[in-house]
Asks: 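Dropping the structure in here first, questions after.
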Number of protein chains: 2
Amino acid sequence: MATRTRRPERREEPLSRERIVGAAVELLDQAGEAGLTFRALSERLATGPGAIYWHVANKDELLAAATGDAVSAALAAGAAGPPDSPDAAIRAIALGLFDAIDAHPWLGTQLALQMSRSPWQSATPQILERIGRQVRALGVPEGSQFTTIFALVYYILGAAGQNAVNRASAGMLRPGVARNEYLDAVVTQWEALDPEEYPFIRAAAGQLREHDDRSEFLAGVDVILAGITSVYL
Amino acid sequence: MATRTRRPERREEPLSRERIVGAAVELLDQAGEAGLTFRALSERLATGPGAIYWHVANKDELLAAATGDAVSAALAAGAAGPPDSPDAAIRAIALGLFDAIDAHPWLGTQLALQMSRSPWQSATPQILERIGRQVRALGVPEGSQFTTIFALVYYILGAAGQNAVNRASAGMLRPGVARNEYLDAVVTQWEALDPEEYPFIRAAAGQLREHDDRSEFLAGVDVILAGITSVYL
DNA sequence: ACCTGAACACCGTTCAAGT
DNA sequence: ACCTGAACACCGTTCAAGT
């Protein structure tokens with residue numbers, strides 16, 4: 001018993017919502033969305049599956065909390081100093097989300113789902129608030145603000161999610177395989193499509209290889225920003 | 001036995017991939033994504049769960065096939081006559097997808113997932129092909145075609161999916177409840193957020209009520225089209 | 001070749017019982 | 001108040017056995 005007196009390492013501290021959500025994020029990062037299980041999670045927390053339900057209502061709420069935490073971190077990282085312009089601020093927010101989704105591939109899927117399915121769940125208001133302020137600062141008229149916010153947000157989440165999946169899927173084909181090998185496989189499939197039905201995709205497939213890195217992602221953001229300027233300003 | 005001689009109604013014809021996929025679409029429409037189960041599906045087809053695996057590899061492939069079928073129907077519906085201009089054609093494709101996702105709420109989720117996760121699965125090439133042709137016709141330079149395609153596609157799928165969920169969720173709060181009552185609930189939650197942290201969302205929440213119908217959806221498409229024109233043409 | 005249906009290895013969630 | 005862990009009602013998938 002003497003060896004156990006002072007050592008608040010990480011075993012005996014009581015369960016809490018924060019510890020549970022933190023462990024869930026770790027599990028999602030390490031094992032993906034399929035790896036987040038109440039059994040695996042309770043094992044990691046050295047408790048029983050039922051214990052988690054004392055602090056969290058169900059799996060949806062747990063995923064929403066994990067997503068909200070990850071988004072808070074992503075948006076806090078990009079909040080350094082006063083931005084030069086609303087355009088620059090929007091690009092910074094977009095890149096912050098891009099990098100966060102790159103680091104946590106499950107985050108792309110969860111954000112896209114929560115944005116439309118449960119817009120009261122913290123992650124959604126956080127993102128809409130940050131982009132909304134800049135859209136307003138840009139001078140977009142009131143009745144069109146959500147249109148422009150959603151044009152930005154759905155592109156950001158979709159494109160960032162795709163980038164993250166491309167990089168994660170590459171590792172699953174064969175551990176350590178490069179992203180380009182995964183994209184090569186997609187390109188090969190596209191080039192095998194019926195040339196009568198899919199002339200464009202077949203001809204353009206090769207372009208995909210260079211597509212989804214940070215600079216291409218930002219080019220898409222700039223297209224939407226240019227559209228906002230041209231239509232509303 | 002005399003009553004059973006000639007009546008190819010729908011009981012005794014053999015299982016086939018097409019019948020299975022058709023029944024899956026029906027089940028998804030009626031019971032949602034959670035309702036699509038190999039047990040429920042095999043019951044509807046008057047067979048055992050194992051029989052389905054003779055024609056379909058697994059649930060992912062079944063969902064991909066159902067999604068591909070629904071997209072084919074959506075894109076065929078909008079293919080009447082030669083379009084006036086690439087812009088008009090893109091708007092028509094967008095509206096076709098919007099209406100299809102409105103009619104099949106599960107389609108929004110599945111398309112967004114397949115677009116980034118399994119881009120070889122028929123639904124993705126179909127959509128990229130149709131939009132890609134118009135982007136090329138517009139005169140977007142080769143190296144930027146996928147950037148503009150994805151800006152359009154991710155907005156279309158995200159915004160259409162949100163519209164569909166809003167309408168479907170309304171019915172789940174209480175059967176027959178209007179879409180606006182669901183949005184009112186979201187607005188109420190947003191207006192209860194901390195005013196220090198969420199000034200924009202709180203102030204703008206009311207705008208949401210008028211947001212996501214067809215004309216607002218199209219306004220978003222026009223923003224992106226204007227951006228494409230302004231940046232690349 | 002195609003179908004059957006029991007069985008396997010999981011899930012999320014509940015809940016009586018403990019402390 | 002908080003935790004335990006067996007039990008319940010499901011899943012997707014497999015596979016020996018049938019036709």
Asks: Rounded to the nearest angstrom, tell me the gap between atom CD1 in A:I20 and atom P in D:dC2.
Replies: 11 Å
Asks: For A:R39, enumerate each residue passing the salt bridge (Lys or Arg N to Asp or Glu O under 4.0 Å) test, keeping only those at least two apart in sequence or located in another chain.
Replies: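 Scan of A:R39 (salt bridge (Lys or Arg N to Asp or Glu O under 4.0 Å), adjacent residues dropped) gives none.
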Asks: Could I get the full list of side chain to side chain contact (heavy atoms under 4.5 Å, CB included) partners for A:A40, not counting sequence neighbours?
Replies: A:L27, A:T37
Asks: Write out a two-atom table: protein N or O, nucleotide N or O from nucleotides 8-14 of chain C, distance below 3.5 Å.
Replies:
unit_1, atom_1, unit_2, atom_2, d
C:dC11, N4, A:R39, NH2, 3.3
C:dG12, OP1, A:K59, NZ, 2.7
C:dG12, OP2, A:F38, N, 3.2
C:dG12, N7, A:R39, NH1, 2.8
C:dG12, O6, A:R39, NH2, 2.8
C:dT13, OP2, A:Y53, OH, 2.9
C:dT13, OP2, A:K59, N, 2.9
C:dT13, O5', A:Y53, OH, 3.1

Asks: Donor-acceptor pairs under 3.5 Å, side chain of residues 101-113 of chain B to any protein atom, not counting sequence neighbours: which ones?
Replies:
unit_1, atom_1, unit_2, atom_2, d
B:D102, OD1, B:N163, ND2, 3.1
B:D102, OD1, B:R167, NE, 3.0
B:D102, OD2, B:R167, NH2, 2.9
B:H104, ND1, B:D29, OD1, 2.7
B:H104, ND1, B:D29, OD2, 3.1
B:W106, NE1, B:D29, OD1, 2.7
B:T109, OG1, A:R117, NH1, 3.2
B:T109, OG1, B:E33, OE2, 3.3
B:Q110, NE2, B:E33, OE1, 3.4

Asks: Can you tell me which stems involve DNA chain C, if a stem is defined as three or more consecutive Watson-Crick or G-U wobble pairs, both distances under 3.5 Å?
Replies: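 Runs of three or more consecutive pairs: C:4-8 with D:12-16, C:12-16 with D:4-8.
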Asks: Show which side-chain atoms of residues 187-201 of chain A pair as donor or acceptor with protein atoms under 3.5 Å away, not counting sequence neighbours.
Replies:
unit_1, atom_1, unit_2, atom_2, d
A:T188, OG1, A:D184, O, 2.8
A:W190, NE1, B:P119, O, 2.8
A:D194, OD1, A:E196, N, 2.8

Asks: By the ring-ring contact (aromatic ring centres under 6.0 Å, His included) test, which pairs, at least two apart or in different chains, include something from residues 17-59 of chain B?
Replies: B:F38-B:Y53
Asks: Looking at B:H55, I'd like to know whether one of its side-chain N or O atoms comes within less than 4.0 Å of OP1 or OP2 on C:dC3.
Replies: yes
Asks: Once you round it to whole Å, what is the distance between P of D:dG5 and CH2 of A:W54?
Replies: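 In whole Å, D:dG5 P lies 17 Å from A:W54 CH2.
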Asks: Kindly write out the residues that satisfy salt bridge (Lys or Arg N to Asp or Glu O under 4.0 Å) with B:D99, not counting sequence neighbours, or none if the list is empty.
Replies: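 Partners of B:D99 under the salt bridge (Lys or Arg N to Asp or Glu O under 4.0 Å) test: B:R214.
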Asks: Under the side-chain hydrogen bond (donor to acceptor under 3.5 Å, both in side chains) rule, collect the residues that match up with A:T124, sequence neighbours excluded.
Replies: none
Asks: Can you check whether B:L183's main-chain N or O pairs, donor with acceptor, with B:N180's side chain at less than 3.5 Å?
Replies: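 Checked: no pair found.
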